[in-house]
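Reviewing the structure listed below.
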Amino acid sequence: MRYDPSAIEPKWQEQWDNARAFATPTSLADLSGKPKFYVLDMFPYPSGAGLHVGHPEGYTATDVVARLKRMLGFAVLHPMGWDAFGLPAERAAVREGIHPAIITKRNTDNFRRQIKRLGFSYDWDREIDTSSKEYYRWTQWIFLQLHKKGLAYLAEVPVNWCPAQGTVLANEEVKDGKYVETGDPVERRTMKQWMLKIPLYAQRLLDDLDGLDWPDGVKEMQRNWIGRSEGAEIDFAVVVDAGASRPTFRVFTTRPDTLFGATYCVLAPEHALVDAITTPVQRAAVEAYVTAAKQKTDLARTDLAKDKTGVFTGSYALNPATGEQIPVWVADYVLATYGTGAIMAVPGHDERDHAFAKAMGLPIVPVVAPAGGGALPTPIEDAAFADDGVSVNSGFLNGLATEQAKARMLDHVESAGWGSRRVQYKLRDWLFSRQRYWGEPFPVLHTDDGEIVAVEEAALPVELPPVDEFKPTGDGRPPLGRASDDWQVVTLADGRKARRELNTMPQWAGSCWYYLRCSDTATTEKAWDSALENYWMPVDLYVGGVEHAVLHLLYARFWHKVLFDCGLVATKEPFQKLFNQGMILAYSYQDAKGRYWGHDDVVEKDGKPVLKATGEPLKSQIEKMSKSKLNVVNPDDVIADYGADALRLYELFMGPLEQVKPWQMAGVEGVSRFLARAWRLVVDEETGALNKKVTEAPSSSEPALQKQLHKTIKKVREDTEALRFNTAISQMMTFVNDATTAATLPRETLQLFARVLSPYASHLAEELWARLGGQGLCCQQPWPAHDDALCADDTITLGVQVNGKRRDEIAVPAAAPDDQVQQIALASPLVQKFMEGKPPKKVIVVKGRLVNIVV
RNA sequence: GCGAGCGUGGCGGAACUGGUAGACGCACUGGAUUUAGAUUCCAGCGGGGUGACCCGUGGGGGUUCGAGUCCCCCCGCUCGCACCA
């Protein structure tokens with residue numbers, strides 16, 4: 001009777017279901033007294049393609065942790081759900097003419113089936129679908145809280161319009177002028193849109209990162225995205241003919257110490273003052289430049305980053321420090337969206353200004369010298385000196401180090417009335433509306449006279465209306481514009497007519513708070529129960545891909561802080577510990593013509609991949625899994641061949657969770673072999689009865705194995721808690737190897753091992769536990785305690801070095817004092833040979849490690 | 001360009017705060033069991049000599065009794081950001 005996962009896995013999944021083994025108590029009374037552990041996966045977007053083996057990597061990790069924590073006596077919250085609103089379902093809906101809700105249901109059903117087959121210990125009672133009206137009702141409700149606090153507003157703003165998607169995008173979704181998800185080009189357009197004032201929370205979002213147990217890289221990315229910089233805003237007066245008013249513009253600079261070196265100013269093409277200060281002579285040129293800049297896509301603007309362009313306005317401004325008249329230019333290297341949209345240019349000490357000055361023949365004045373007093377590394381005409389140093393040519397700043405010069409100038413700027421200190425953030429208002437159907441409708445109404453009225457909380461949810469098609473209307477309104485007037489037109493309490501908002505929320509909205517709803521999915525009266533939220537929050541471990549380092553995690557933190565300010569949550573931060581799993585790659589195979597071949601068409605020959613049919617040699621490489629490269633590995637197939645336990649184990653055995661690593665089927669075979677060996681420890685394959693080696697004697701009757709068992713109990717727990725699953729598994733393999741060669745197998749030892757195996761190969765562990773006569777479910781047993789005395793060896797082997805080179809190995813009692821260890825080491829013939837009769841100058845004994853004899 | 005990280009056998013990877021490099025697994029080789037294959041079990045497996053010797057953690061230097069681990073320089077790869085004043 002061989003190890004047959006297909007026979008045992010569905011059986012135990014059913015038993016777990018029947019016993020409701022993983023249902024977390026919903027009432028606080030059943031929870032209190034227990035320490036809590038909230039372990040959460042980033043909810044997947046249920047795509048039509050189904051799961052690939054990359055998905056279960058993080059899910060397996062969290063499941064192992066959840067199962068271990070339960071055995072350790074924690075109340076564990078371990079939910080799963082679907083981040084189910086999103087563009088792909090809507091595009092499929094347009095293509096197939098089917099409602100996106102139906103497509104989404106199809107996809108979530110498939111995802112759920114695939115995930116369930118892996119035997120994860122989710123509490124399925126708490127499953128969440130962010131696109132269900134029971135859920136998005138509260139997403140809308142949270143939006144109303146933001147709106148109430150004045151954090152949401154409607155504005156005519158330049159937006160990122162993506163023609164291919166037919167919708168606007170948030171800044172965070174655009175990189176190099178392209179939509180990060182699809183690479184479709186993005187252009188600037190001015191539209192009336194919902195915005196959220198996330199910059200008001202910039203400082204707190206920055207400060208509170210410090211207390212979080214997150215990967216440094218992710219914290220750094222968030223810091224960069226928030227982009228705090230300190231400096232000054234300084235006013236520059238434009239020089240005009242006598243009698244005219246004196247317009248001023250304000251610049252932002254982080255280097256106020258270089259004000260004496262500002263030899264020109266630049267306004268962004270979109271700057272409001274451009275038109276006013278352009279002189280008649282320059283008007284044609286400036287207008288042409290501004291028009292051209294407007295027409296350029298963001299992509300074109302960034303592409304041309306190297307070649308600076310610009311045009312002189314004809315006007316001059318006064319440098320407040322020098323009193324000199326400096327020219328004012330218009331150039332698109334100055335961003336309208338950052339700072340004030342205008343800069344003072346210091347070509348001597350800023351690379352961008354330097355490049356522009358060189359291109360336009362503008363003067364370059366050095367005002368900072370290297371700190372040591374030496375010459376500039378390169379002449380100021382050839383390169384800007386952007387480092388800190390000592391101020392020169394700068395009047396009252398001369399001789400001051402950059403730090404002091406900055407402070408001094410800031411004081412002066414403020415006392416002279418030139419401007420003021422200022423902290424600037426890159427983080428900008430979050431563009432929060434989309435011109436799509438498949439999202440949360442905004443719970444707001446527009447009256448004919450332009451007033452915005454929030455929908456009553458009691459009237460939520462504002463449900464998605466039926467529409468004939470999911471495309472925008474002919475006159476360019478969003479798909480909701482196709483809804484009937486019954487939906488679109490609402491009569492207010494005062495009798496006025498109002499129309500519903502036609503935009504919907506972006507996909508991020510739903511994922512901003514699912515972790516809160518999971519703490520209490522039962523209530524229908526409110527978004528969550530405060531007492532339960534208090535008990536469960538924060539999330540103790542949140543696992544997902546790095547791709548959400550900025551977007552999802554920043555948005556969720558923002559909402560959470562707003563909810564905190566509203567007194568609706570008790571924690572400042574939602575996710576205490578974050579862990580990013582590394583992407584799983586796969587081998588792909590190409591023939592000489594570059595055509596891809598799937599795994600099934602390829603065989604290994606002399607260690608080289610060849611085409612099965614023709615023997616043609618193929619090129620192989622490790623790439624991201626993708627349909628077009630025919631290298632997607634489907635968990636269903638792996639489970640069919642090796643079972644869920646083998647898949648789970650291999651996901652974690654491959655290497656450290658955070659690492660990017662290639663999928664290798666032979667590796668699955670390896671862990672599957674390990675599981676079969678564990679099976680044979682318990683089951684006699686000939687008869688199906690218990691292994692004849694199993695005895696009723698206590699564990700101590702097989703002392704070496706008992707020691708290995710206790711080491712395994714200890715290491716598996718420690719490594720699992722530290723998320724080092726690969727080494728935990730290798731320790732279990734070592735135990736099974738030892739057990740395989742042991743003369744007898746005490747039942748007690750095997751029962752304890754079944755419990756250790758349980759978080760990882762959960763189905764097999766149940767089967768072994770039952771066959772060994774264990775009572776109840778294995779996964780509900782307490783985690784075994786290890787005996788430290790049994791984890792230590794009586795005798796240990798030490799390396800002995802002579803002059804740092806390893807020469808021999810000695811066995812000593814673990815408790816032996818240093819001088820005894822030293823004597824044994826010096827007595828070794830090999831050691832004596834390498835000492836060449838010289839007396840030892842120094843002997844270093846490192847406890848439990850080695851002895852080094854220096855001669 | 002800037003920022004972060006990483007380079008260890010044929011492959012995935014071990015090595016806790018500097019302390020016996022290569023755990024565990026894959027692949028490979030030999031042997032046993034088997035009618036044969038699969039399975040299973042045992043043994044070997046960094047390189048070179050193939051005698052108890054030398055060399056080895058991307059390359060070069062340094063600190064140390066001792067360096068994969070710490071410091072400096074260089075090479076290569078990955079990720080993130082990219083005119084943020």
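A, B, ... follow the sequence lines: proteins, then strands. Residue 1 opens every chain.
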Ignoring hydrogens and angles, tell me if any N or O in the side chain of A:T258 forms a donor-acceptor pair with the backbone of A:G261 under 3.5 Å. no
Phosphate OP1/OP2 of [N] contacted by [X] side-chain N/O (<4.0 Å):
| X | N | value |
| --- | --- | --- |
| A:N224 | B:A4 | no |
| A:Q801 | B:G19 | no |
| A:N726 | B:A14 | yes |

[X] [atom1] - [N] [atom2] separation (whole Å):
| X | N | atom1 | atom2 | result |
| --- | --- | --- | --- | --- |
| A:M654 | B:G13 | CE | C1' | 11 Å |
| A:R673 | B:A38 | CZ | P | 12 Å |
| A:R724 | B:A23 | CZ | P | 18 Å |
| A:M665 | B:A27 | CE | P | 14 Å |
| A:M221 | B:A82 | CE | P | 12 Å |
| A:I226 | B:C81 | CD1 | C1' | 14 Å |
| A:E685 | B:A38 | CD | C1' | 13 Å |
| A:R807 | B:C65 | CZ | P | 19 Å |

Under 4.0 Å between any heavy atoms, over every strand shown, what does [X] touch: base, sugar-phosphate, or nothing? Just pick one.
| X | value |
| --- | --- |
| A:D216 | nothing |
| A:Q664 | sugar-phosphate |
| A:R422 | nothing |

Give me the distance, rounded to whole Å, that separates [N] from [M] when you measure between the [atom1] atoms they each carry.
| N | M | atom1 | result |
| --- | --- | --- | --- |
| B:G9 | B:G56 | P | 14 Å |
| B:G58 | B:G12 | P | 14 Å |
| B:C42 | B:G60 | C1' | 46 Å |
| B:C79 | B:G46 | P | 33 Å |
| B:U8 | B:G68 | P | 14 Å |
| B:A43 | B:G49 | P | 27 Å |
| B:G31 | B:C77 | C1' | 42 Å |
| B:G30 | B:C24 | P | 23 Å |

Could you check which of [options] has an atom nearest any side-chain atom of [X]?
| X | options | result |
| --- | --- | --- |
| A:V854 | B:A85, B:G19, B:C65 | B:C65 |
| A:K805 | B:A85, B:C55, B:C42 | B:C55 |
| A:F653 | B:C53, B:G12, B:A85 | B:G12 |

Hey, does A:S391 have a side-chain heavy atom less than 4.5 Å from the side chain of A:T402? no
Where does the angle between the aromatic ring planes of [X] and [Y] fall among parallel (under 30°), tilted (30 to 60°) and perpendicular (over 60°)?
| X | Y | result |
| --- | --- | --- |
| A:F753 | A:F735 | parallel |
| A:F356 | A:Y333 | tilted |
| A:F725 | A:Y760 | perpendicular |

Compute whether any side-chain donor of one residue and acceptor of the other, for A:D738 and A:Q708, lie under 3.5 angstrom apart.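 On atom types as modelled, these side chains qualify, holding a pair under 3.5 Å.
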Let's test your reading of the model: under 3.5 Å, does the base of B:C83 pair with the side chain of A:K308 as donor and acceptor?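 It does, because a donor-acceptor pair links the side chain of A:K308 to the base of B:C83 below 3.5 Å.
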Kindly label the base of B:G9 as syn or anti, based on whether its glycosidic torsion lies within 90° of 0.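 Here the answer is syn: the torsion falls within 90° of 0.
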Per the side-chain hydrogen bond (donor to acceptor under 3.5 Å, both in side chains) rule, which among A:K661, A:Q581, A:R648 passes with A:E57?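 Exactly one pass, corresponding to A:K661.
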